[in-house]
Structure formats: structure tokens, C-alpha cells
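This report concerns only the one structure given below.
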Amino acid sequence: MVAKNLLGKLLTRKFEGKTLIGRIVETEAYLGEDDPASHSFAGQTSRNQVLFGPPGRAYVYFIYGMHYCLNVSCQPAGQAGGVLFRALEPVSGLAEMARLRRLPPGASPRLLTSGPGKLCQALAITRAEHNGINLTNPDSDLHIADDGFRPTRIAATPRIGISKAARLPLRFLVAGSAFVSTTMRP
DNA sequence: GGAGCGATGTCCT
DNA sequence: GGACATCGCTCCG
């Protein structure tokens with residue numbers, strides 16, 4: 001379960017000489033061609049080809065005309081499957097994140113990255129810049145780091161914001177975190 | 001605190 | 001033409 005293992009790891013973004021860091025507190029798994037809710041359900045297309053590529057790559061897509069969402073591919077080349085980053089706990093570079101989110105300085109950290117669209121805005125993640133990059137390479141502008149932290153309690157809940165197969169318990173979050181994407185916490 | 005809704009680009013049928 | 005893995009604003013309590 002890659003989605004579960006990603007919880008507690010750090011997402012590091014180098015941007016204009018600054019380093020922005022968030023700890024992953026919420027993820028959602030998409031299974032691939034057998035999952036009706038997955039972008040890869042209808043087979044490989046130019047949009048989702050990253051999901052069919054090698055694992056550890058960023059799949060960034062644009063949704064609802066105004067938001068980006070960040071996924072990481074997690075199956076061998078030839079198989080689809082990915083994990084959506086739904087929420088981060090801001091760790092470093094909060095002032096810069098607030099600026100990118102166009103929030104006043106000193107806005108609540110909970111507003112910065114508590115949702116898939118928000119975290120992309122806070123880390124200046126775009127499809128043009130980041131789709132297809134290797135998230136496991138520490139030299140990437142955007143990559144996943146591990147500082148050894150492991151959340152003590154992990155909860156699984158139904159997936160959010162989708163209409164098909166939403167009831168499968170494929171959403172994972174750090175239990176008790178104040179930074180997950182909804183007020184409905186177990 | 002929560003329900004309702006509009007904004008808006010890209011891709012697929 | 002319509003669906004869409006969302007957000008933030010408006011209303012209402």
C-alpha cells in the first residue's frame with residue numbers, strides 16, 4: 001500500500017531559491033484500469049500516460065478549470081495506478097506558501113495545504129513544469145523525502161469528491177491531524 | 001458550521 | 001457537449 005506508506009514523508013519543493021516543505025498527512029489511492037474512478041480506467045491516453053509509465057513519477061493534471069492536482073505513479077511501467085496527494089502539514093516556508101496562495105501573511109497554516117488543489121497552489125506545482133518528473137530524485141525541484149518520521153495512527157476512509165466507486169476505503173490520513181482536507185475526521 | 005453554487009480549462013465521446 | 005480526483009464565496013441557521 002504505497003498510499004499508506006507515503007503518510008508522514010516530506011514533500012520538498014525548491015522554488016526561486018527557497019525550500020518549501022510539507023509533511024504528507026492525507027493520500028488517496030487509485031487502482032488503475034480496474035478502478036472506475038481512476039483517470040486510467042478508460043485506458044492510456046495522452047493525458048494520463050504518466051500513470052502507465054515507471055513508478056515514482058509526478059502526474060499533474062488540471063481540473064475544474066482552475067486547479068492542479070498532484071499524483072505519484074506507483075506501478076511498474078505498463079500498469080496504471082497512482083496516489084493522489086490530498087493534504088500536507090506545512091513544515092517550512094509558510095510565508096512563501098501564503099504568498100503563493102494569495103493569503104495574508106500570518107493566515108492560518110491550516111488554509112495553506114489542506115486540499116489537493118490548495119497544496120499545488122502553495123507549492124507552485126504546475127502541469128507544464130512538473131508532469132512526469134521523478135519524485136524520488138532528491139535533485140528534482142519537487143521530490144519526496146523521508147526523515148524517518150512515522151505517524152502513530154493511520155485511518156482509512158471512503159474517497160472524497162468522486163462519483164464512481166467512492167465508497168472503497170482508499171483514502172488514508174494521519175489520525176488526529178489538524179491539516180487534513182475536511183472537518184470530518186474520524 | 002454546513003449546504004448550495006459558479007468559475008473555468010482540458011480531455012474524451 | 002459534457003464530465004470533472006476543487007475551491008471559495010454566499011447565504012442560512
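Below, read A as the first sequence line, B as the second, and so on, with proteins coming before strands; counting in each chain starts at 1.
Of the candidates B:dT10, C:dA5, B:dT13, the closest approach to any side-chain atom of A:Asn71 belongs to C:dA5. Of all nucleotides listed (B:dG9, C:dG8, C:dA5), B:dG9 comes nearest to the side chain of A:Phe62. Listed nucleotides C:dC4, B:dC11, C:dA5 differ in distance to A:Ile63; the shortest reach to its side chain belongs to C:dC4.
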Evaluate the salt bridge (Lys or Arg N to Asp or Glu O under 4.0 Å) criterion for residues A:Glu28 and A:Arg86: first the C-alpha distance (whole Å), next the side-chain angles of each, then the deciding distance (0.1 Å), finally the verdict.
CA-CA 7 Å; A:Glu28 212 166 83; A:Arg86 286 199 55 89; 3.7 Å; yes

Could you go through A:Cys69 and A:Leu84, starting from their C-alpha distance and side-chain angles, then the distance that decides it, and tell me whether this counts as side-chain contact (heavy atoms from CB on, under 4.5 Å)?
CA-CA 7 Å; A:Cys69 290; A:Leu84 168 70; 3.9 Å; yes

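Taking only distance into account, the side chain of A:Tyr61 meets the base of C:dA5 through a donor-acceptor pair shorter than 3.5 Å.
Rounded to whole Å, the distance from NE2 on A:His67 to P on B:dT10 is 14 Å. Atom pair A:Met66:CE and C:dG8:C1' shows a separation of 9 Å (rounding to whole Å applied). Between A:Ile160 atom CD1 and C:dC7 atom P there is a gap of 10 Å when expressed in whole angstrom units.
Contact annotation: A:Ser38 does not reach the phosphate of C:dA5 (side-chain N/O to OP1 or OP2, under 4.0 Å). OP1 or OP2 of B:dC12 has at least one side-chain nitrogen or oxygen of A:Thr45 nearer than 4.0 Å. Contact check, A:His39 against C:dA5: a side-chain N or O comes under 4.0 Å of OP1 or OP2. Side-chain nitrogen and oxygen atoms of A:Arg101 include at least one within less than 4.0 Å of the OP1 or OP2 phosphate oxygen of C:dG8. A:Lys164 has no side-chain polar atom (N or O) that falls below the 4.0 Å cut-off from OP1 or OP2 of C:dA3.
The main-chain N or O of A:Ala124 is found under 3.5 Å from a side-chain atom of A:Arg13 such that the two form a donor-acceptor pair.
Side chain to side chain, A:Tyr59 and A:His39 meet the donor-acceptor criterion of an N or O pair below 3.5 Å.
Look at C:dA5: it lacks any Watson-Crick or wobble partner with both distances under 3.5 angstrom. With a 3.5 Å ceiling on both atom-pair distances, B:dT8 lacks any Watson-Crick or G-U wobble partner.
Residue contacts shown for A:Arg86 are limited to sugar-phosphate atoms, with no base heavy atom under 4.0 Å away. Within 4.0 Å (heavy atoms only), A:Gly117 reaches sugar-phosphate atoms of the nucleic acid but no base atom. At a threshold of 4.0 angstrom between heavy atoms, the contacts of A:Arg127 are confined to the sugar-phosphate backbone, with no base atom among them.
Under the 4.0 Å criterion applied to side-chain N and carboxylate O atoms, A:Asp146 and A:Lys9 are assigned as salt-bridge partners.
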